[in-house]
Amino acid sequence: MLDIRLIREDKEKINELLKRRNGELSVDEIIEIDTQRRKIQFEADEFRSQRKNISQEIGNLKKQGQNTDHIQEEVRQIGEKIKELEEHEVTLEETQKNLLLMIPNTPDESTPVGSDETSNVEIKRVGEPVKVGFAQKPHWDIAAERNLVDFERGVKISQSRFSLYKGKGATLERAIINFFLDLHINEHGYEEILPPVLVNSAAMTGTGQLPKFAQDMYKCEDDDLYLIPTAEVPVTNIYAEEILNEDDLPYYMCSYTPCFRKEAGSAGKDTRGLIRLHQFNKVELVKLCLPEKSQEEHEKLTLNAERTLELLELPYRRIELCTGDIGFSARKCYDIEVWLPSYDAYKEISSCSNFGDFQARRANIRYKSKATGKNEFVHTLNGSGLAVGRTFAAILENFQQEDGSILIPKVLQKYTGFERI
RNA sequence: GGGAAAGUGGCCGAGUGGCUGAAGGCGGCACCCUGCUAAGGUGUUAUACGGGCAACUGUAUCGAGGGUUCAAAUCCCUCCUUUUCCGCCA
């Protein structure tokens, strides 16, 4: 959520930044509502003040045994006016809030400007895609042949785009999860969190999935509960509505969860294999930090995610998303892409974003600032560290051998208990 | 799932219709005092949204939302949460 005061102060600037994103975005309507709202609030406050004073006076008069009927009638009429104004006030407040919740974050000044992914900027490339002397198979063929994933039966017991890991496939998936967690916890200083995977609408609103992206999520119809699309949602919201100690910041949190996405509108894309499923595993990194530190923390978080690929010896690159491609809540975002031979391309495996105070304002996560003595919003960040299913696919494809077997990356072997599949 | 009790400021805790944004205590902060590793004294100490160049000022907030009333922390209704008894269960 953007700061209404900033919008009021410099509407042109905000509009200009929003225009860098795709679509027609403007805060003009919000400004109008806000102006009306303040006018009504002022009027209502005046009347409430009157009522308060006169009511007190009635109390005093009654104690003296005086008749107060005509004054009571007067206040009753003021009360009716207040009720009327309050209804208007509430409507305007809700309208303004709803509009604000639908406005995406303003991109950071450093975010490259562009309308779609063609304007994304490659930042770096690490590792060389291996050139092998045999025909490489896509991971879905490898996984099926080696009985690691049962795509058909996953669909049978659920729906299309759900899959079922088996045997060494399941072990490998679990090994990857544990490797990621141990690395981030023991070497990068994150605290492990194992959160609920069903969360309420307040949490979903806090991180920005609601109200705009309701159609992308699985909802439990009988309850105010949604399956999380990412651990970002429960973990970022842990400290919602709280005031944190400045000394306790930054918070580094790391969380494995399954993730659930309807991915409405993605039909036809990545239809085979493990790349785009309705349920997948992910280890997520989340940080809450001081505003002045968020840029630095963003770089560090991205390096933490990249380190997983370096240790797994998987070739990757980092790109910076342009203004037309960054997510709704983000002001700056790096994607990490892993080399996938079946795609003959790099494929997104992590997305590391700095949200500034956008989510903190929605979720009301603040800290007591020593400098100002006031409560200020923290900055929030997160990034995948990493998507597990895509890592699984990348390992199968990049580590396949000519005889059809798959070598397990060295760092994973102590987690799998085997060196080859 | 059923019954009972409870939800007040950073914490503890008073407060059953008006003078309560809220006593008192703890904690925090500031200053004062005292020659002794600490104690004492005084003051101060919530948040949000408005108005004002500013000093300052208005309103709201006692779990949430409604209602009654001239007036609600206080009365009524609904919901949520916590504790507890029963049931069920991993």
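Note on naming: letters A, B, ... go to the chains in the order of the sequence lines (proteins, then strands), and numbering restarts at 1 for each one.
- Nucleic acid contact class of A:I71 (heavy atoms, under 4.0 Å, all strands): none.
- In the set B:rU59, B:rG50, B:rC49, B:rG50 carries the atom at the smallest distance from any side-chain atom of A:F42.
- No hydrogens or angles considered: a donor-acceptor pair under 3.5 Å links the side chains of A:S351 and A:D335.
- In this structure B:rC31 sits in a base pair with B:rG41, meeting the Watson-Crick or G-U test at under 3.5 Å.
- Under the Watson-Crick and G-U wobble criteria, each requiring two contacts below 3.5 Å, nucleotide B:rG10 is paired to B:rC26.
- If you check B:rG18, B:rG67, B:rG50 against the side chain of A:R8, the one that comes closest is B:rG50.
- Nucleotides B:rC29 and B:rA48, compared at atom C1', are 23 Å apart to the nearest Å.
- Of the candidates B:rG58, B:rA48, B:rC70, the closest approach to any side-chain atom of A:R366 belongs to B:rA48.
- B:rC49 and B:rG21 are spaced 16 Å apart, taking the C1' atom of each and rounding to whole Å.
- B:rA4 and B:rC76 have their P atoms separated by 16 Å, given to the nearest Å.
- Mapped onto RNA chain B by nearest heavy atom, A:S55 and A:E73 fall at different nucleotides, with A:S55 at the one closer to the 5' end.
- Here B:rU68 sits opposite no nucleotide as a Watson-Crick or G-U wobble pair (both hydrogen-bonding atom distances under 3.5 Å).
- Side-chain atoms of A:T111 never come within 3.5 Å of backbone atoms of A:P107 as a donor-acceptor pair (strictly under, hydrogens ignored).
- Here, B:rU84 and B:rC12 have their C1' atoms 22 Å apart, quoted to the whole Å.
- Picking from B:rU59, B:rC49, B:rG67 the nucleotide with the shortest atom distance to the side chain of A:R37 gives B:rC49.
- Nucleic acid contact for A:K368: sugar-phosphate only, since backbone atoms but no base atoms lie under 4.0 Å from a heavy atom of the residue.
- In this structure, A:S49 reaches the B:rU59 phosphate: one of its side-chain N or O atoms is under 4.0 Å from OP1 or OP2.
- With C1' as the reference atom, B:rU82 and B:rC70 are 37 Å apart, rounded to whole Å.
- Aromatic pair A:Y316/A:Y346: centroids not less than 6.0 angstrom apart.
- Shown here, B:rC36 forms no base pair; nothing in the strands shown gives a Watson-Crick or G-U wobble contact with both key distances under 3.5 Å.
- Atoms CD (A:Q72) and P (B:rG18) sit 15 Å apart, rounded to a whole Å.
- In the set B:rC70, B:rC49, B:rG58, the nucleotide with an atom closest to the side chain of A:D45 is B:rG58.
- To the nearest whole angstrom, the two C1' atoms, one in B:rA22 and one in B:rG17, are 15 Å apart.
- Among the nucleotides B:rG50, B:rC70, B:rG67, the one closest to any side-chain atom of A:I58 is B:rC70.
- B:rA23 and B:rA46: their P atoms are spaced 11 Å apart (whole Å).
- Of the charged side-chain nitrogens involved, at least one lies within less than 4.0 Å of a carboxylate oxygen, so that A:D150 and A:R153 count as a salt-bridged pair.
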ring-ring contact (aromatic ring centres under 6.0 Å, His included), that's the test. Do A:Y239 and A:Y251 meet it? Break it down for me.
CA-CA 10 Å; A:Y239 297 105; A:Y251 283 78; 4.5 Å; yes
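- For the C1' atoms, the distance linking B:rU34 with B:rG50 amounts to 48 Å, nearest Å.
- Taking the six-membered ring for Trp and the full ring otherwise, A:Y252 and A:H184 have centroids separated by 6.0 Å or more.
- When the P atom of B:rG17 is taken as reference, atom CZ of A:R51 falls 20 Å away, rounded to whole Å.
- Look at NZ on A:K52: it is 13 Å from P on B:rU57, rounded to the nearest Å.
- Under the Watson-Crick or G-U wobble criterion, with both distances below 3.5 Å, B:rA73 has no partner in any strand shown.
- The CD1 atom of A:I40 sits 16 Å away from the C1' atom of B:rG58 (whole-angstrom rounding).
- In this structure, B:rA54 makes no Watson-Crick or G-U wobble pair, since no nucleotide meets both defining distances under 3.5 angstrom.
- Cation-pi geometry between A:K262 and A:Y218 is satisfied (NZ or CZ under 6.0 Å from the ring centre, within 45° of the ring normal).
- One interatomic measurement links the two molecules: CZ of A:R38 to P of B:rG50, which rounds to 7 Å at whole-angstrom precision.
- A 3.5 Å limit on both hydrogen-bonding distances identifies B:rC86 as the Watson-Crick or G-U partner of B:rG1.
- Where A:Q56 and A:Q50 meet RNA chain B, the nucleotide closest to each residue was compared, and A:Q56 sits on the side nearer the 5' end.
- B:rU59 is paired with B:rA48 under the Watson-Crick or G-U wobble criterion, all donor-acceptor distances under 3.5 Å.
- Among the heavy atoms of the strands lying under 4.0 Å from A:N375 are primed sugar atoms or P, OP1, OP2 only; no base atom is included.
- With rounding to whole Å, A:I82 atom CD1 is found 13 Å from B:rU69 atom C1'.
- Nucleotide B:rA48 holds its P atom 12 Å from the CG atom of A:D3, rounded to whole Å.
- Per the geometry, CD belonging to A:E86 stands 14 Å off C1' belonging to B:rG50, to the nearest Å.
- Note on A:D3 versus A:R361: salt bridge recorded, some NZ/NE/NH1/NH2 to OD/OE distance being below 4.0 Å.
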